[in-house]
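Structure, as structure tokens:
Quick note on labels: first sequence line is chain A, next is B, and so on, each numbered from 1.
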Protein chains: 2
Amino acid sequence: MTERVNEAGTVGKALNVLDQVAAFGRPVRFADLLESSEYPKATLYRLLQSLVQQGMISYDAERGVYALGVRLVRLAHQAWQTASIAPVARPYLDALSIEIGETVHLAQLDHGQVLYVDKRNAAVPVEMYSQAGKVGPVYCTGVGKAMLAWSRIDVQTRIIEQQSYHRFTANTLTSRRALRAELDIICSRGFAYDNEEHEPGIICVALPILTQGGHVLGGLSVTSTTARHSLESLAQLVPHMKSTVSRIAEDAESWRFPEQIKQPA
Amino acid sequence: MTERVNEAGTVGKALNVLDQVAAFGRPVRFADLLESSEYPKATLYRLLQSLVQQGMISYDAERGVYALGVRLVRLAHQAWQTASIAPVARPYLDALSIEIGETVHLAQLDHGQVLYVDKRNAAVPVEMYSQAGKVGPVYCTGVGKAMLAWSRIDVQTRIIEQQSYHRFTANTLTSRRALRAELDIICSRGFAYDNEEHEPGIICVALPILTQGGHVLGGLSVTSTTARHSLESLAQLVPHMKSTVSRIAEDAESWRFPEQIKQPA
DNA sequence: AAACTAAGTTTCACTATTTGGAACTTACCT
DNA sequence: AGGTAAGTTCCAAATAGTGAAACTTAGTTT
């Protein structure tokens, strides 16, 4: 027993259901959820009711379908502001983006995945949530590898285990072994490449954003195409990125630890 | 007492705690939460643990502070895509924004508040989450009043009750009575104004986005300043906005109700 | 139109989980 | 050292959650 039981109380179960609804990526009917759920009918039903009542899930009575609720969008706005480095990094991303004119990504680690928290795209205008909030794999993205390379050993080990090592392109690293070797190289080099490992024709350079204590706050990457750049020419941007990264780290640290949190009654 | 107790089970309580953490808008210590919480110490403590374990809240052990977790950002991305009209409306917002060159907002109703789900700003570049995800009051914004005016009577009544009627400017509607009268005018006029009711010098025109069945999907507004426009000149944009709105509604409806949701096993 | 079927909802006895006062453990302040 | 406040754990009592099964509703077949 306890096949994949993750010590989940009622709250955990409810949030699992929330994830399940999210995983579908479209409005779902009760039966769809029931089929892919580990919970019995009545339990699932009541969990859904709770979530709907709380506004985390919306229910379209006419169609009988569940979808994620907009309350999440609101919460996320707060999360983005308080929990991510994005608000702090924003002005630096703007500056970097304008100066180098290529696509810039800001990412953080979340549950063994790369979570993009902000983006600048030179050509295309606003893209909003459709970019920030996206997740990607760690083992075949520049930011992913950069963040992983400087992560605490226990975190690193866990994440290396978690990866799927699906082959996206000819250059994708498809084993823990290959990834570990790559991480060593990245560490000594000081930054990471993505050499068409995720999408053909897409390359990038990425740096980790580190606190003074060496803790990984996030990652910064500049992406381009093989048509416009070689890895070598992208690497010339690294000094510039390094200074951006250190300024973000500095600001993030002073922002995370403001004078006094406590306020008198 | 039981000020805002909503028949909450364990799940509801946990989500209340989540909201509470969100409300602070900064990392908070246990004691801060305890003070503003209706739950006893041990209960609050365990709820927080559940949420942290689930990644909805992050806990900084060094500082002993809780903050919203990045898992929310990921969930919100899904929510934005599946539950909001933003992805559908995007191309039309782009077009409208380019043609009229003023700030455009796309909003939906959430818990008696205006939730902005997308935005176009002619001058300033990308602003990401810092704009989408924001909430505003219904009673003194163009989109808020527009959506409210066409809402089902029970929804409308509830929301009218919920408003704070705080006076932001000389023009703010500060009573249910005044708001009701305004809604009547809006209905017969066919669209809503914000005549410096929220911020001095800021005016806007807003339209509801309605399904064929007359259900409110959201709202669309064009904002400007008194320096650049009068209400009358803004009103000239209404026909253009009307066509945008109807195209969004059309797309949204066909998108919400795709051929068949069910898929064979 | 009646019978059938599938999808969704409610019931209810059972029990596991949650509850919260109080005791305990740190960690900091004097 | 002693004191105080913050955070954590305990445990008996009680609540809230569980899920098989019965029920309702809507849609389909005979």
- Task: Mark yes or no for whether Asp251(A), through its side chain, and Ile248(A), through its backbone, hold a donor-acceptor pair below 3.5 Å.
- Result: no

- Between CD of Gln49(B) and C1' of dG7(D) the distance, given in whole Å, is 11 Å

- Would you check if the side chain of Ser151(B) reaches a backbone N or O of Val155(B) as a donor-acceptor pair within less than 3.5 Å? no

- How long is the line joining CG of Leu48(A) and C1' of dT10(C), in whole Å? 15 Å

- Task: Whole angstrom is fine here: how far is it from CG in Leu47(A) over to P in dT9(C)?
- Result: 14 Å

- Could a donor-acceptor pair under 3.5 angstrom be found where the side chain of Lys41(B) meets the base of dG21(C)? no

- When all nucleic acid strands are considered with a 4.0 Å heavy-atom cut-off, which category describes Ala31(A): base, sugar-phosphate, or nothing? sugar-phosphate

- Item | Short side-chain to backbone donor-acceptor contact, Gln163(B) and Ile159(B), under 3.5 Å | yes

- Task: Verify the contact: side-chain N or O of Thr43(A) to OP1 or OP2 of dG17(D), cut-off strictly under 4.0 Å; return yes or no.
- Result: no

- Among dT19(C), dT8(D), dT9(C), the one nearest any side-chain atom of Arg46(B) is dT19(C)

- Query: Whole-Å distance between dT9(C) C1' and Leu34(A) CG?
  - Reply: 13 Å

- Task: Find the distance Asp60(B):CG to dG7(D):C1' and express it as a whole number of Å.
- Result: 15 Å

- Query: For Gln53(B) and dT8(D), what is the distance between atoms CD and P respectively, to the nearest whole Å?
  - Reply: 15 Å

- Message: Looking only at the side chain of Tyr59(B) (C-beta and beyond, no hydrogens), which of the listed nucleotides dT18(D), dG20(C), dT8(D) gets closest?
- Response: dT8(D)

- Take atom CZ of Phe30(A) and atom C1' of dA6(C), then tell me their distance rounded to the nearest Å. 13 Å

- Message: OP1 or OP2 of dA16(D) versus the side-chain N and O atoms of Thr10(A): is any pair under 4.0 Å?
- Response: no

- Using 30° and 60° as the class limits, which term best fits the ring planes of His77(B) and Trp80(B): parallel, tilted or perpendicular? parallel

- Parallel, tilted or perpendicular, as decided by the 30° and 60° cut-offs, for the rings of Tyr59(B) and Tyr66(B): tilted

- Proximity to the side chain of Ala42(B) - top-ranked nucleotide from dT10(C), dG17(D), dG20(C): dG20(C)

- Query: CD of Glu38(A) versus C1' of dG19(D): gap in Å, rounded?
  - Reply: 15 Å

- Query: OP1 or OP2 of dT9(D) sitting under 4.0 Å from any side-chain N/O of Tyr45(B)?
  - Reply: yes

